[in-house]
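For reference, the structure discussed in these notes is given below.
Predicted model only: the values in this text are computed from it and were never measured.
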Amino acid sequence: MGQGRALDIMLSARQVTVDEALAVVRAVNAALELPPDEGLRYEALLEQGLFVDGEAAEGIRAFIAKRAPDFASEARPRPA
């Protein structure tokens with residue numbers, strides 16, 4: 001998760017999923033505990049997960065299918 005997205009979640013006071021909250025915590029901890037070059041690599045690794053599932057993946061699927069994205073369905077918990 002990038003700095004901009006983490007700040008948006010922290011400062012907007014909007015409700016987030018457990019996964020989003022954990023991603024923010026991981027990103028903040030990494031930023032504080034790692035040297036800059038390692039922190040950037042870790043941040044990139046976290047951001048890759050956004051394109052596997054979640055809103056980014058739904059946005060891409062919707063774009064390819066030429067339909068409006070259904071972000072509400074992405075907020076529902078996934079089966080374990």
So does D70 get a backbone contact from the side chain of E58, meaning a donor-acceptor N/O pair under 3.5 Å?
yes
Partner set under side chain to side chain contact (heavy atoms under 4.5 Å, CB included) for P36, not counting sequence neighbours:
none
For residues P69 and G59, report the shortest heavy-atom separation together with the two atoms involved.
CB-CA, 4.4 Å
When rounded to the nearest 0.5 angstrom, what is the spacing between CD in E33 and CD in E38?
11.5 Å
